[in-house]
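Written below as structure tokens is the structure these notes are about.
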Amino acid sequence: MGRDRSCCACAVTECFALVDCNNFYASCERVFQPNLRGRPVVILSNNDGCVIARSNEAKALGIEMGAPWHQHKQPFEKQGVIVRSSNYTLYGNMSARVMKTLRQFSPNLEVYSIDEAFLSFDGFDGRMESHAREVRARVYQWTGIPVSIGIAPTKTLAKIANRAAKKNPASGGVQILMDSAEQEALLDQLKLEDVWGIAKRLSRRLGEIGITTPLQLRQADAPFIRERFGVVVERIVLELRGQSCLELDEVPSNRKSLVSSRSFGRSIHSLQEMREAVSTYASRACEKMRRQNLATANLIVFIETNPFRTQDQHYRASQSIQLPLASSDTGRITTAALSALDAVWKPGYSFKKAGVMLLDLVSATHVTSTLFDVPDSVSSQSRMKAMDALNRRFGRDTVILGSSGVKPKWSLRREMLSPCYSTDWRELVRVG
DNA sequence: TCTGGGGTCCTAGGACCC
DNA sequence: TCTGGGGTCCTAGGACCC
């Protein structure tokens, strides 16, 4: 729960700065190719399918985010638009440099996405603007990436402020939005969809009850909004009022799932080809998982036909599969993924996309001294919870049967272990 | 005839984000 | 011909338990 400051006149107002890289992918390309500066640049997705980033000059030409490139390629290339395929390794490295620079200004930092971070600006009253300008200048000096900074008492308002900093050149890339009247004036000019957390559907549903601007949302009755739209939207209402509900999340939690998926350059008709694709995704997913020292016992395979081909029947299916024990072993997981694929495969369709999702990720700790057995009858999620709890309690050198890095004889040893009959970790049988 | 109720777990799907 | 990939959180409803 967020601390409630609204009832206390002497409460210190919190202050968040959202630092957001301008046109991040395009800016990264420009760092290494300065001749791209001042020119319209677009970055394309996999298979050069659609537009995923644009420089300001490209935006000015009317190139939309997500636009299928094949529909726009010719006219835009005539206008001198420069096209790049995406290079995520480069963007990841540049992101790390930007974050490292920001950390020097404040250790209280939440890396929100590849190109955004929230910083605590608490205690900078009166010096906020100069401080923000210093941050901005140093990030540019050290990384070559231009950023915009929005400052406000809540994360949601900081997002709004950041947007204003970007849209308004006079701001010089820094917008402070601490004043209530200024907040209202700005919110009145925006669309609901400009608010963080409100997209098309919610916007439409809000419109049905007469709420059409962010200012109206801010003024709406919070309990009513909660009843009608749930806690998420209620939080947005409070955040828009300047009441902070979303705290700075400085310690990133372990990821809970990961996906490896691709759209194919051409459609796939044969099961054999699809098995090859799914094998590739499974092993790629396992690599990611091992790199983060995680393991899973729960995965999903999904396949899909081309949803844009309206003349064909659309078919999308997924199959989840449970492993008896958490693992990050490529062979084991690939085998499971392929059997899941067999369950969803439909001959006669042209498939355009497939993927493997790994769920309920747990830390994969090596078997060393202590062993616990968890019976197969225990559900995957309970098993994961139990394993997590064990890891926390006994530290790194505890066990998890069948997890990554487990000694090869684990299956044999498992046979020798007595089963336990509880999903409560305290009652798990200690066997080693 | 009358057919509990509260809690938790699980899963699928919706909605949103970058 | 050609339309991305990778995440999170919440909710609803059924199963199950006592």
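In what follows, chains carry the letters A, B, and so on, assigned in the order in which the sequence lines appear, proteins first and then strands, with residues in each chain numbered from 1. Predicted, not measured: the structure shown is a model, and the values here were computed from it. The figures that follow rest on heavy atoms only: side chains count, while hydrogens, waters and symmetry mates do not.
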Rounded to whole Å, OH of A/Tyr91 lies from C1' of C/dG5 at a distance of 14 Å

In whole angstroms, the gap separating P of B/dC18 from CG of A/Asn22 amounts to 15 Å

| NA contact type, A/Phe24, heavy-atom cut-off 4.0 Å: base, sugar-phosphate, or nothing? | nothing

The residue, A/Ser263 or A/Arg266, whose nearest nucleotide of DNA chain C is more 5′ is A/Arg266

- [ ] Could you check whether A/Asp115 gets within reach of a base, just the sugar-phosphate, or nothing at all, counting any heavy atom under 4.0 Å?
- [x] sugar-phosphate

Between NE2 of A/His70 and P of C/dT1 the distance, given in whole Å, is 9 Å

Protein-proximity profile, nucleotides 6-14 of chain C, B/S/- by nucleotide at the 4.0 Å heavy-atom cutoff, equals SSSSSS---

A/Gln71 near the nucleic acid: base, sugar-phosphate alone, or nothing, with a heavy-atom cut-off under 4.0 Å?
-> base

| task | Select base, sugar-phosphate, or nothing to describe what A/Val51 touches, counting heavy atoms under 4.0 Å on all strands. | result | nothing

Taking any heavy-atom pair under 4.0 Å as a contact, classify A/Lys352: base, sugar-phosphate, or nothing.
sugar-phosphate

To the nearest angstrom, the CZ-C1' distance between A/Arg309 and C/dT3 comes to 13 Å

* Do A/Lys159 and A/Glu116 sit within salt-bridge range, that is, some charged N less than 4.0 Å from a carboxylate O? -> yes

Between CE of A/Met65 and P of C/dG4 the distance, given in whole Å, is 12 Å

Original post:
Which part of the nucleic acid, if any, lies within reach of A/Ile198 when heavy atoms closer than 4.0 Å are counted: base, sugar-phosphate only, or nothing?
Top reply: sugar-phosphate

note: A/Tyr112, atom OH; B/dC16, atom C1'; distance rounded to Å ~ 9 Å

- [ ] Could you tell me whether A/Lys73 and A/Asp48 make a salt bridge, using a distance below 4.0 angstrom between a side-chain N and a carboxylate O?
- [x] no

OH (A/Tyr25) and CD1 (A/Ile43) are apart, to the nearest 0.5 Å, by 9.5 Å

Check your understanding: What interatomic distance, in whole Å, is found between C1' of B/dG4 and the corresponding atom of C/dC17?
Key -> 13 Å

For A/Phe264, is the NZ or CZ atom of A/Lys353 found under 6.0 angstrom from the centre of its six-membered ring and inside 45 degrees of the ring axis?
no

In whole angstroms, the gap separating P of B/dC18 from OH of A/Tyr25 amounts to 12 Å

State whether A/Arg163 and A/Asp194 are salt-bridged, where the test is any N-O pair (Lys NZ or Arg NE/NH1/NH2 against Asp/Glu carboxylate O) under 4.0 Å. yes

(message) What I want to find out is whether A/Arg228 reaches A/Glu208 closely enough, with some N-O distance under 4.0 Å, to be called a salt bridge.
(response) no

Per atom distances to the A/Ser45 side chain, the nearest of B/dC18, B/dC16, C/dG4 is C/dG4

Inspect the contact between A/Glu239 and A/Arg235 and indicate whether a charged nitrogen and a carboxylate oxygen are less than 4.0 angstrom apart. no

- Contact class for A/Trp196 (heavy atom, under 4.0 Å): base, sugar-phosphate, or nothing? sugar-phosphate

Worksheet item: Is A/Lys155 salt-bridged to A/Glu110, going by a charged N under 4.0 Å from an acidic O?
Response: yes

Rounded to whole Å, the CH2-C1' distance (A/Trp69 to C/dT1) equals 17 Å

